[in-house]
Novice: 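Here you go, one structure.
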Amino acid sequence: MPLYEYYCADCNSKIERLRPISQADEPVECHVCHSWRTSRKLSIFSAFSKTGGNGSSQAISGTGGCSSCAGGHCASCSSR
Ligand SMILES: [Zn+2]
């Protein structure tokens with residue numbers, strides 16, 4: 001069960017809640033001032049799962065050569 005962070009708009013308190021993903025966007029009561037004007041803050045975990053993943057290593061190639069030889073000599077490099 002992921003940990004979500006919420007911030008109270010009235011007293012700026014941080015509220016941490018363990019809850020299922022299906023209830024992530026449901027309102028949370030502030031434990032300090034008991035306000036319901038709270039908003040969820042994106043956690044580091046969820047940010048990683050969106051931008052990460054496979055395919056990031058392919059962007060390294062491009063300094064020279066082709067994608068298969070990474071700067072050396074191969075058939076596709078010498079052709080240009
Ligand atoms: Zn509050």
Side-chain angles (χ1 to χ4, degrees):
M1 197 178 295
L3 178 68
Y4 293 102
E5 288 187 355
Y6 302 83
Y7 273 93
C8 175
D10 289 337
C11 70
N12 291 325
S13 294
K14 187 175 83 170
I15 306 134
E16 291 184 340
R17 282 291 162 84
L18 273 172
R19 45 168 43 178
I21 298 176
S22 58
Q23 298 177 10
D25 289 325
E26 292 188 9
V28 169
E29 183 183 9
C30 175
H31 57 84
V32 178
C33 66
H34 300 285
S35 169
W36 286 91
R37 293 178 58 207
T38 54
S39 58
R40 184 165 66 97
K41 192 173 179 258
L42 279 181
S43 65
I44 299 176
F45 174 78
S46 60
F48 259 106
S49 60
K50 281 179 182 174
T51 57
N54 37 11
S56 59
S57 61
Q58 294 179 355
I60 299 176
S61 65
T63 55
C66 65
S67 58
S68 60
C69 70
H73 296 282
C74 68
S76 50
C77 285
S78 57
S79 65
R80 61 186 175 119

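Being a predicted model, the structure only gives us computed values, none of them experimental.
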Novice: List the atom pairs, with distances to 0.1 Å, where a side-chain N or O of residues 13-23 and a protein N or O form a donor-acceptor pair under 3.5 Å, not counting sequence neighbours.
Specialist:
| from | atom 1 | to | atom 2 | distance (Å) |
| --- | --- | --- | --- | --- |
| Arg19 | NH1 | Tyr6 | OH | 3.1 |
| Arg19 | NH1 | Gln23 | O | 2.7 |
| Arg19 | NH1 | Glu26 | O | 2.9 |

Novice: Could you pull out the closest heavy-atom pair between Ala24 and Tyr4, with the gap in Å?
Specialist: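 In this case the closest contact between Ala24 and Tyr4 is CB-CZ, 3.5 Å.
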
Novice: Working to the nearest 0.5 angstrom, can you tell me the gap between His31 NE2 and Cys11 SG?
Specialist: 7.5 Å

Novice: Just verifying a value: how many Å separate Ser39 OG and Asp25 CG, rounded to the nearest 0.5 Å?
Specialist: 11.0 Å

Novice: Testing the basics here: between Cys8 and Thr38, what is the closest heavy-atom pair and its distance to 0.1 Å?
Specialist: CA-CG2, 3.8 Å

